[in-house]
Each structure stands twice: as C-alpha cells, then as structure tokens.
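The next block holds one structure in the form of structure tokens; read it before the comments.
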Protein chains: 2
Amino acid sequence: MAGAPQKALRTSAANAITADLVAVLVAVTEGEPKIMTIANGGALPSGPFEFAHRSLQTGLRAWVEAQTGHPLGYVEQLYTFADRGRAGDAKSLHSISISYLGLTREDKVGRGFEAHWSGWYEYFPWEDQRAGLPPSLAKTLAARLKAWSKSAASTSLQRERWQRAAITFGFDDREWNEELVLQRYELLYEAGLIPEAVRDGAAATTVIPGRQMTGDHRRILATGIARLRAKIKYRPVVFELMPAEFTLLQLQRSVEALAGRLVHKQNFRRLIEQQQLVEETGAIATEAVGRPAKLFRFRHAVLAERAVAGTKLPLSRT
Amino acid sequence: MAGAPQKALRTSAANAITADLVAVLVAVTEGEPKIMTIANGGALPSGPFEFAHRSLQTGLRAWVEAQTGHPLGYVEQLYTFADRGRAGDAKSLHSISISYLGLTREDKVGRGFEAHWSGWYEYFPWEDQRAGLPPSLAKTLAARLKAWSKSAASTSLQRERWQRAAITFGFDDREWNEELVLQRYELLYEAGLIPEAVRDGAAATTVIPGRQMTGDHRRILATGIARLRAKIKYRPVVFELMPAEFTLLQLQRSVEALAGRLVHKQNFRRLIEQQQLVEETGAIATEAVGRPAKLFRFRHAVLAERAVAGTKLPLSRT
DNA sequence: CGTCTTATACTCAAGGAGAGTATAAATGGC
DNA sequence: GCCATTTATACTCTCCTTGAGTATAAGACG
C-alpha cells in the first residue's frame, strides 16, 4: 500500500465527454438486407446519450424512435469507438460512439421522418458474393490492392500487405470468409481506396465503388454486418428478421442475403429441421411457380429449451 | 424531410458524462487463473478516460500501468455498461464503464503498487467444476435457487425461474455450460444470493460463498471470464497466457483452469497437433515424475496463415 | 400430356469428435 | 536389477456430422 504511482482520485468534471449512441438497424426484404439510415443514406440513426435516459439501451431506443418512428425490438451492443478522427480531428476526441445492432422487419417509415431503408450492399458492394463478385469490382479490387502492396517500402512489408489482402478477400485460391467484413473495410481504408480515407487525409485517387457515410458510420456498419454474419451461425436470430410465417426457401434466401453467399438447399433444410427451429403452420404458400411450399413458423420454445453454445474442447466425462 | 420528430442538433456540453476504463487482466499460474486486482482484491484496475488519452485502449494501458506497474499485451474490448446503479444511485447515471479483457503472464507486481493477483475462482467458486462442485456449494446452490423459484408469485413464474436456474447451472441432468458465467451471476444477483444484491437493496439473507467487488466489477469480471472461455475454443489465445516453452500437459492444465472443467488428454493433443498450433523446441521438460515430456512453443506463424472462423452454414459450391 | 419449376425425401462417402487401449520412458522403493 | 507408479505418446474404433448428390412429388402452363 505504498504511495507512489496509483493516482487514485477520480477527477470527475474535468474529464467530461459526450457519448453518442449509434444504431445499425437491420431488416431483410425480398432477399435483400436493408439498414435504416438518415441524412439521405449518409448516416446511421444516432444521438447523444442524455441524463434523461435510464440506460444506454433506452437512450438508443428513444433516439431511433424519434428519428425513424420505428420501435426497436431485438438489440445487442456492438462496440464502443473513441479513437480520434483519423486525420486528427480534435472534436472527436471528446466524444465516444457506443454502437448497437438491432433486428426488425421492414416497415413503412412514418411521414415526417427523414429515415429510410437502404440496401446494405450499396455500402459494401464487394460483400455480396451470392452471384460471385460484381464484374466491375472483380478485376479492380485485386489490381488496386496488388498495387498498394507493391507500393510498400520493403519487400517484406509488400509480402505482408498482400498476404493480408489475400486472406481477407480470398485471393490466390483462398476461401472467401464472409465474416471478415470489418477487416476488409479497414484494409481498403488503409489502402486509401475508399472515400472516407481520402476525406481523412489519404492521397486522392479513384476510389472503388460503395457509398460513403459520415464519420465512422461505415465502419460501425461493417462491425454490425460482421457480428450478424457470425451470429446467424450459432443463434436463431434470423427469425427476428422473418415474418410470422415463411417458407423454408424464404428463410434460406434471408440467410443467403445476410451471409452474402449461397447455401446448399437440402442441407440447409436438414440443419433447420434437425435443430427443431421451426414447426409447420399447416398452411401452404400460395404465390409461386413450382410445387407449393409448406409454411413454417419459428418455435419460440427453443429459446427457453436451450442455452446453445458450441463446444470445441474435447471434454472429459470423468 | 419534414420537420417534426427528428430532433437533430447535438446539445454537446449539456450532456457531458464521464467514462471509466476497467480492465479484466488475466494470467494463469500453475493451473490457476488469476486476475489483477486493486483495493485489496475488492476492485479491478480502472480509471477515468481523459482528454490526454489518444484512444480508449491507450487510456486503459496508461491506467493499468500506473496502478499495477504491469504493461498490457493482448487487449480486447468487452462491453460498455451504463445502467444506473441497481438501487438507483444517481451518481452512476452520469458515468459509463468501458471494460476490456487483457491477457498476460503473471509477473511480480512492482513495489509501491497496491495491485496484486487474485484467483478468479475466489470470486466465482461455482465456476470451478474441475473437481465437480465444491461440496459446500453443491447442496446449497440448488436448494437456494429452488427456494427462490418457489417464492415467485405464480406457478408459471415459478416454473420459469427454475428452468432458468436449471439451464444455467445444469440442474436436472442438464449439461453444464461453462460459457454461461454472466447468466449465472445475473441469476444469483436477481435471486438475492450474493452480497452485491443485498448492498443494492435486496432483502438481507445469508449469501452464498464468493468474494464481493465494488460497483459492477464482479459483473464485468463475469463478462470477461465468459468471453475468454468462449474464445479459447476458436482462437489460439491461450498462448498469450503461456510461457515461451511448455509441455502439452501444462497447456492442457491452463485450458482446464480457464474453462473450469477437465478435458480428454489424448483428444486434446490430437486437436492441438492437427491444428499445427505448436512445434517442438527439441528440449525436454526436466522436473516431473513420470516420462519426461517434450517442450513445445507456439507457432506464431499460424496467426498470419489463417483467418479462422467456424462456418456452420451449409455452403454451396456452385 | 409433357415440360418447367420448386419442394421434399433419401443416400453415400469423408472427416471429425468422443472414448478407449496399448506402449514407452522416466522415478523410487525393494 | 526388477517392479509398481506415473506421465507421455501412438493408435484404434465407432458414431455423428457435413458436403454433395440423386430421386421423386406436386403444382402451373402451354
């Protein structure tokens, strides 16, 4: 208990900051993932955390409802950002962003609200691999990243850069990993290939396709997409995005939309059924060409029954 | 873009708050997981986020080094808490806690620092299932939770409570799930069985064993343990806690210590080796009864080679 | 009535995970 | 030196999961 370095007392008022609450609110409509945006698609719904809010989540709910007229259902925290603006923006230093992921069904946005739903692949065209990479991107992306790698000072640094690019983007016959959304975004940022990087001080060049957002919002969105893509694999969260009744194909299309890649139909059904995630409603889908499909509903009971978690440890019984 | 509800302008200064940085700093020594504590084991290292800090992480590093003399290595963000004090403490409302998980090797804490290492099972005795539940707890825990369930108003609520208890604690022949650390803590808190609950206003009773901490710190610790237990299964983070050279048994003991349960020796080795996580140093362990074991070191190269992530989607090749 | 399209049921092989058995290489007591 | 004990390490075996298909059913439509 000696006295030197612990520096105990909290200097409360002196270090006051502000906290912003930012929402990545997701819905899936007709096989396309959407996110709620404001400012004409240029920002995510957000607002300051205020004294009046009872907790972070209620604060977030208040802001999102005020800005979009859309009540929030499933919500989980994503990440808290506070690194100073990349170009050294002094203001951002005193403000932190606490981001959340929310899941709902698309809904009419009330009139008088500037919010609307935007397709999330508008912001990340390279993340949609369902039909392979968009041809416009396919060549550019690899070429630009190759050039960036080559521009490094040393050969070892060049190799390092390219290896990172190859791993995250699946070049050189590597597997595409749909969860590396944030890593891909960060890499493109570092390579100066997206507008935000140029805005923050990178050398001006032709950027690659993909809509820009204010501040860190596109990074936050990338974090949200990554989290959701990881989560659908071990938790039944897709159902938060589905209507009450749906066919297995609709369910599959939603998963594919989120993951940005196609799944094997028969095996997908096997997976869903063996996990007893759904039950038949008895009804049959009407629209449609082809043989009509049974309608299913989510078995809410599974949430209570299980506390799923994947073990990868070779546990011992004794 | 009509005018009604969006409430755009940021009222910056009016909503100033303070942010605390809190660290769950973990090490494993001789098969026991330790955490760095201050205040004689009653709190986690923490301090306010200040203007001077370039980012949240650097702020955290500064505080931990100041309080413990221990430089921080591997660090990841855990969670940001801001719910008002459970009993309605007004002060806590204006402050949020941003928590981090850090991994290191145990080290002498420099003189003049009030920090020291505490075994993490002192705070969560029920989480150590390596030798089964400690006999003192085995009976009490189930009985107390049963009583709490029974005390609910309606039969359906009673059933609900007991089901939650059974799932999180593995009663009624359910599997123990070592990842549900936070859920177990929250349940015990709600049931009023731990000191913090009584402190925050729950009816005074005999609490169950386990050391208390200030504020939310034990909750934050639970979050950290849960994260680490989940993570060791799909990322090679254990090696952050190991010395440069180790035997496979030492590695196994560390994993068991963290997970709080025993693993199957032969299968554990198979797992480690097939993933090519380690390589022989050529040396042989000296101490020991029994046949001497080979020493291994972590293959740092795997971090660059792979971008592991478990897929559970039945992907399609076409 | 055949064709197209989607739904749904099965099959099959390869790989991984759980649970042991079998040896090997030390130590310590006699 | 020999044997019991302890830990290390190598294999084996079986079952379940997963990837990848094939086969058949049930509608719509010309």
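Chain naming here is simple, since letters A, B, ... match the order of the sequence lines and numbering starts at 1 in each. In what follows, every heavy atom counts, from backbone to side chain, and hydrogens, waters and symmetry copies are set aside.
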Indicate for each nucleotide in nucleotides 11-16 of chain D, in 5' to 3' sequence, whether protein heavy atoms under 4.0 Å reach the base (B), only the sugar-phosphate (S), or nothing (-). -B----
Contacts under 3.5 Å, N or O only, protein and nucleotides 27-30 of chain D:
none

Rounded to 10°, the helix from C:dC1-D:dG30 to C:dC30-D:dG1 deviates from straight, judged by its five-pair end axes, by 10°
Measure [atom1]/[X] against [atom2]/[N] and give the value in whole Å, please.
X	N	atom1	atom2	value
A:Leu315	C:dG20	CG	C1'	17 Å
A:Leu251	C:dT8	CG	P	12 Å
B:Leu248	C:dA24	CG	P	20 Å
A:Lys265	D:dT22	NZ	C1'	15 Å
B:Lys233	C:dA17	NZ	P	14 Å
A:Ile284	D:dA26	CD1	P	11 Å
A:Arg269	C:dA7	CZ	C1'	6 Å
B:Leu262	C:dG18	CG	P	15 Å

On a heavy-atom basis, which atom in B:Pro292 and which in B:Ala285 lie closest, and how many Å separate them? CB-O, 3.7 Å
Heavy atoms only: give me the nearest A:Leu145-A:Trp162 pair and the separation to one decimal. C-CZ3, 4.0 Å
Side-chain donor-acceptor distances from residues 239-251 of chain B under 3.5 Å, at least two apart:
| unit_1 | atom_1 | unit_2 | atom_2 | d |
| --- | --- | --- | --- | --- |
| B:Thr247 | OG1 | B:Leu249 | N | 3.4 |
| B:Thr247 | OG1 | B:Gln250 | N | 3.1 |
| B:Gln250 | OE1 | B:Thr247 | N | 3.0 |

Please list, chain by chain and in numerical order, all residues satisfying ring-ring contact (aromatic ring centres under 6.0 Å, His included) with B:Phe268, sequence neighbours excluded. none
Can you confirm whether the side chains of A:Glu76 and A:Tyr74 place a donor and an acceptor under 3.5 Å from each other? yes
Taking atom types as modelled and ignoring hydrogens, do the side chains of B:Trp120 and B:Asp128 form a donor-acceptor contact shorter than 3.5 angstrom? no
Under the 6.0 Å and 45° cation-pi test, does A:Arg184 pair with A:Trp176? yes
Please determine, for the side chain of A:Leu249, which listed nucleotide (C:dA19, C:dA7, D:dG21) has the closest atom? C:dA7
So, B:Tyr121 side chain and B:Ala257 main chain: donor-acceptor pair closer than 3.5 Å or not? yes
Can you name the residues that form a side-chain contact (heavy atoms from CB on, under 4.5 Å) with B:Ala27, not counting sequence neighbours? B:Glu106, B:Trp117
Name the orientation class of the two ring planes belonging to B:Phe171 and B:Phe169 (parallel below 30°, tilted from 30 to 60°, perpendicular beyond 60°). parallel
Roughly how far, to the nearest 0.5 Å, is CG of A:Leu258 from CZ of A:Arg253? 13.5 Å
